[in-house]
Amino acid sequence: MPDWDLLLSDARIATMCAGVPDYGVIGERAAIAVKDGRIAWIGDQSGRPPGSAKTERSLGGRWLTPALIDCHTHLVFGGDRAAEFEQRLRGASYEDIARAGGGIMSTVRATRSASADELFAAALPRVSALIDEGVTTIEVKSGYGLDVATEIRMLEVARRLGEESDADIRTTLLAAHTVPPEFENDADAYIELICNEILPEVTARKLADAVDAYCEPIAFSAAQIERLFQKATELGLPVKLHADQLSDGGGAELAARFNALSADHLEYTSISGVKAMAAARSVAVLLPGAFLTLGETRLPPIEEFRTHEIPIAVATDCNPGTSPICSLRTAMMLASRLFKLTPEECLAGTTREAARALGLLDDRGTLEVGKRADFAIWDIGHPRELAYWTGTLQLAETFAGGHTTRS
Ligand code: DI6
Ligand code: FE
């Protein structure tokens, strides 16, 4: 009776375990064993316990890392914003575009008028593009509905993406993305709608794994989000926050007050915000795609994140307005070039720290016994190449739960 389901040997393995230098690399000839979708053994081949597997394969020296995790996307939405992208590059201002009904509200209108099937059909290729790069876990936010029915529909579509694709989809309610026109002069009333109508139904139907909000003067104040986060906490949902992207609105401090899983963007986060995040152990999620697309010049306080030992994750922020990017490898490349993250920080940021930002580090994100057998096999000479190269997949095979999803 075989002891394991799968045994891969003759591999070079980057475990990405915290506190282990140099990508957590295990020797030149390592092996990994899988049983019931979980890692049953991992180590240098010389120390492998006796045991056989139903399927045994040599990887011929190929590199094996944890599968990639995209911990911040808005990839369910209707329509796109390519036309306004072109208008901006022809000189139109954001204000011109917003006055003409463009910007986030044009995506809201397109999302509200799209059926669940249409939203699913539009999102599936974006999920597939990420899976094709070695991604096995994707976080998907709502936030383009801004009314009860459409926010619910977005989360239902996100759940269906997890059921009908090879990715594990984690969902986040971002109804507090911006104030809808129906509540134009009464953001407080919209926050009450979220708290009293959307959150209870989402919680009862287990449609969201977390709650997020957009803390900016053009969206919601810290006080309004505090009300929302108190309700989310009462209902047992963890929180995360779009914080200090365009200004220092105290977003990082607000996130830390609620022990948020993560605070995201953070270009304008103050040192007091950094210290608050460090105390709360919130993950700093960096989104270089939005930074680049917006032409931002203010860098997040990355050196302070490092000195305060704040975990740093990297994600696509895939959304039609500020980050139309369906490539986590591109986000890694941008994080290294724009934010000067090292290749090891980029890979940790899209594996271990991305798992941490989703509250999943006990289950995935590093290669350790007992965790999901989610891993990627690469045709590379070293894991540093994953942030170095762009446009070449170099992906030989992906496993999710011990089963091949791409080869
Ligand atoms: N931050 C962003 O950059 C996006 N949302 C957010 O909270 C913008 C979304 C859009 O323009 O569609
Ligand atoms: Fe975002």
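Indexing begins at 1, ligand by ligand and atom by atom, following the structure's order. Just so it is clear, the model here is predicted, and its values are computed rather than measured.
Ring geometry for Y214 versus H265: interplanar angle of 30 to 60°, hence tilted. The aromatic rings of Y144 and F77 sit perpendicular, their planes meeting at an angle over 60°, well past the 30° parallel limit.
A salt bridge is defined here as a Lys NZ or Arg NE, NH1 or NH2 lying under 4.0 Å from an Asp or Glu carboxylate O, and D168 with R364 meets this definition. Between D379 and R62 there is a salt bridge, with a side-chain nitrogen of the basic residue lying less than 4.0 Å from a carboxylate oxygen of the acidic one.
For atom 2 (C) of ligand 1, the closest non-hydrogen atom of the protein is T322 OG1, 3.4 Å. Of all protein heavy atoms, the one lying nearest to atom 6 (C) of ligand 1 is H177 NE2, 3.4 Å. Given atom 1 (N) of ligand 1, the protein heavy atom at minimum distance is Q245 OE1, 3.1 Å.
Looking at D317, its N, O or S atom nearest to the Fe ion (ligand 2) turns out to be OD1. The Fe ion (ligand 2) lies closest to atom NE2 when only the N/O/S atoms of H74 are considered.
Applying the 4.0 Å criterion to heavy atoms of G321 picks out, from ligand 1, the atoms 10 (C), 11 (O), 12 (O).
Residue H74 has no N or O atom closer than 3.5 Å to an N or O atom of ligand 1. Here's the thing with R81: one of its N/O atoms is less than 3.5 angstrom from an N/O atom of ligand 1.
Between the side chain of E133 and the backbone N or O of L328, at least one donor-acceptor pair lies under 3.5 Å.
Put simply, H265 stays out of reach of the Fe ion (ligand 2), with no N, O or S atom under 2.8 Å from it.
Put simply, part of N319 is less than 4.0 Å from ligand 1, judged by heavy atoms. For the pair H265 and ligand 1, a heavy-atom separation below 4.0 Å is found. The closest approach between a heavy atom of Y144 and any atom of ligand 1 is below 4.0 Å.
Taking the ring centroids of Y23 and H382, they lie under the 6.0 Å cut-off.
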